[in-house]
Amino acid sequence: MEKKYVLAINPGSTSTKVSLFEGEKEVKSKKLEHDKNDLGKFDRIIDQFSYRLEAVEDWLNEEDINLESLRAVVGRGGLLRPMPSGTYLVTDAMILDLQIGIQGEHASNLGGILAKHLADKVNINAYIVDPVAVDEFEDVARISGLKEIPRRSLVHALNIKAVCHRYAEEHGKKIEELNLVIAHLGGGISISPIKNGRIVDANNANQMGPFSPERSGTLPVGDLVELCFSGKYQEKELKKMTHGKGGLVSYLGTFDGREVLKRIEEGESYAKLIYDAMCYQIGKEIASMATVLKGNVEAILITGGLAYSDYLVEKVKEMVGFISPIYVYPGEDEMKALNEGVLRVLNDQEKVKIYEEEVEKW
Ligand SMILES: Nc1ncnc2c1ncn2[C@@H]1O[C@H](COP(=O)(O)OP(=O)(O)O)[C@@H](O)[C@H]1O
Ligand SMILES: CCCC(=O)OP(=O)(O)O
């Protein structure tokens with residue numbers, strides 16, 4: 001059987017997205033929605049492996065996709081050790097770190113594991129591309145202000161790099177020539193200064209920066225410590241409050257930006273205050289990241305689901321339009337970005353990276 005397809009697997013907090021590519025063309029795709037109650041039964045992300053695998057295998061069967069027809073399988077990479085950007089072969093050492101959750105728990109930790117499991121069945125390679133743990137920080141960005149807590153590079157690297165490649169192509173430039181600020185505005189928000197194509201700083205969407213549809217972002221630190229010791233909450237609850245039930249969810253009971261915009265249109269002033277505050281924090285963070293580049297910013301790129309909102313884009317433009325031109329790339333196409341990363345390697349445009357060699361060098 002001719003091996004002509006790449007299978008991409010992207011596990012998210014409530015779904016697993018799957019796509020089949022023939023060359024650059026996506027020929028099949030589906031968002032496999034998982035029941036919240038089903039996922040809630042698992043203590044750790046790794047415990048969801050068989051559950052999600054079954055969903056992927058059911059889809060492969062439904063679509064009559066034979067593993068023998070695959071050239072490669074690619075998964076979204078997770079919270080691995082700090083590593084350079086690129087396309088990586090999934091190795092046993094990587095699997096071990098994904099299983100442990102070496103930098104924490106995240107659904108994307110399952111991407112490489114699922115990819116390797118399926119690839120091994122037909123002796124082909126499994127890859128991950130630009131995982132959340134891509135670390136191109138300059139040393140000064142690692143200092144937090146408290147010795148015990150370094151700032152870590154955990155960032156939406158896959159979409160940020162993909163948008164960077166897209167902008168470079170559109171402007172006939174090499175990625176290494178680019179100085180940009182990129183704002184990935186999804187369920188979580190990452191804002192990064194890009195210096196010569198590298199992500200030299202980022203807010204860490206799970207812990208800092210602007211609040212987002214479902215995350216609190218930076219909080220007043222003393223008040224947070226008091227809340228932790230108030231006796232009202234367990235650790236797990238507090239983590240959920242800041243990640244999952246923070247941001248728009250905390251104030252408005254929904255993570256859906258479209259619903260909030262509808263409520264604003266209907267005249268709900270509190271919804272407007274909260275949405276405006278999110279726009280305000282996004283603008284402040286973009287301007288702050290522009291200072292990392294000493295104002296030498298060729299363009300600001302706005303991407304992610306919230307970038308579909310003209311209301312938000314206009315509010316942000318009012319605040320940061322003085323810095324540089326602004327380009328909007330609504331939504332994200334992580335599946336396409338995963339496939340493109342694999343194609344760059346299969347077509348010899350880029351050398352595949354080996355995790356244990358790269359993290360040793362790091
Ligand atoms: N057309 C739109 N207008 C306004 N907000 C939108 C639109 N489409 C998506 N969103 C919002 O963007 C946010 C994040 O979406 P998305 O990028 O899909 O997140 P993720 O991939 O991180 O789950 C959600 O609040 C969603 O409601
Ligand atoms: C820390 C960046 C990765 C991240 O938060 O991803 P999701 O928004 O997909 O959870």
Side-chain angles (χ1 to χ4, degrees), residues 9-17 31 33-34 39 45 75-80 82 101 103-111 128-135 137 151-163 182-192 199 201-217 239-240 242-265 271 274-275 278-279 282 302-316 328-338:
I9 306 174
N10 184 352
S13 51
T14 60
S15 70
T16 303
K17 292 181 194 152
K31 187 173 184 181
E33 307 272 4
H34 305 308
L39 289 181
I45 293 288
R76 185 181 176 200
L79 274 67
L80 287 154
Q103 280 214 77
E105 293 271 310
H106 193 264
S108 60
N109 287 351
L110 286 168
I128 60 158
V129 180
D130 285 333
V132 173
V134 163
D135 185 348
F137 270 22
R151 287 181 83 247
R152 291 187 291 160
S153 179
L154 295 170
V155 58
H156 291 90
L158 184 59
N159 189 41
I160 286 180
K161 289 281 178 180
V163 169
I182 304 189
H184 169 102
L185 311 179
I189 289 180
S190 285
I191 300 184
S192 288
I199 301 174
D201 199 339
N203 55 285
N204 184 348
N206 293 326
Q207 304 207 24
M208 293 182 286
F211 72 79
S212 76
E214 55 139 56
R215 302 179 199 171
S216 67
K239 284 193 169 156
K240 194 74 194 164
T242 57
H243 186 286
K245 292 189 173 174
L248 295 182
V249 177
S250 161
Y251 292 101
L252 301 172
T254 178
F255 57 77
D256 189 342
R258 284 156 296 198
E259 187 190 321
V260 178
L261 287 167
K262 194 162 157 275
R263 282 161 64 175
I264 294 173
E265 269 172 30
I274 301 305
Y275 200 76
M278 186 171 73
C279 301
I282 291 167
I302 303 181
T303 180
L306 289 172
Y308 285 112
S309 162
D310 294 339
Y311 180 99
L312 177 144
V313 170
E314 282 314 308
K315 286 267 171 205
V316 173
V328 185
Y329 298 89
E332 45 79 15
D333 204 343
E334 290 183 338
M335 306 311 276
K336 185 167 174 261
L338 288 172

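In what follows, every heavy atom counts, from backbone to side chain, and hydrogens, waters and symmetry copies are set aside. As the structure lists them, so they are numbered: ligands from 1, and atoms in each ligand from 1.
Listed by chain and residue number, the protein contacts of ligand 1 are Gly186, Gly187, Pro213, Phe255, Asp256, Gly257, Arg258, Leu261, Gly305, Leu306, Tyr308, Ser309, Glu332 (heavy atom within 4.0 angstrom).
Sparse packing is recorded around OH of Tyr251, with 12 or fewer heavy atoms of other residues, nucleotides or ligands lying under 6.0 Å away. Within 6.0 Å of CG in Asp310 there are 12 or fewer heavy atoms belonging to other residues, nucleotides or ligands. Atom OH of Tyr329 sits in a crowded spot, with more than 12 heavy atoms from other residues, nucleotides or ligands closer than 6.0 Å.
The backbone N or O of Ile191 lies less than 3.5 Å from a partner atom in the side chain of Asn203, making a donor-acceptor pair. The main-chain N or O of His156 is found under 3.5 Å from a side-chain atom of Ser190 such that the two form a donor-acceptor pair. Between the side chain of Glu33 and the main chain of Ser15, no donor-acceptor pair closer than 3.5 Å is present. Panel note: side chain Asn109, backbone Gly104; a donor-acceptor pair is recorded below 3.5 Å. Side chain of Thr16 to main chain of Asn10: no donor-acceptor pair is present (N/O by atom type, distance under 3.5 Å, no hydrogens or angles).
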Test salt bridge (Lys or Arg N to Asp or Glu O under 4.0 Å) applied to Glu332 and Arg76, step by step
CA-CA 13 Å; Glu332 45 79 15; Arg76 185 181 176 200; over 6 Å; no

Can you produce the list of protein nitrogen or oxygen atoms under 3.5 Å from a nitrogen or oxygen of ligand 2, alongside each distance?
unit_1	atom_1	unit_2	atom_2	d
ligand 2	5 (O)	Asn206	OD1	3.3
ligand 2	5 (O)	Arg215	NH1	2.7
ligand 2	6 (O)	Arg76	NH2	3.4
ligand 2	6 (O)	His106	NE2	3.3
ligand 2	6 (O)	His156	NE2	3.1
ligand 2	8 (O)	His156	NE2	2.7
ligand 2	8 (O)	Arg215	NH2	3.0
ligand 2	9 (O)	Arg76	NH1	3.1
ligand 2	10 (O)	His106	NE2	2.9
ligand 2	10 (O)	Arg215	NH2	2.8

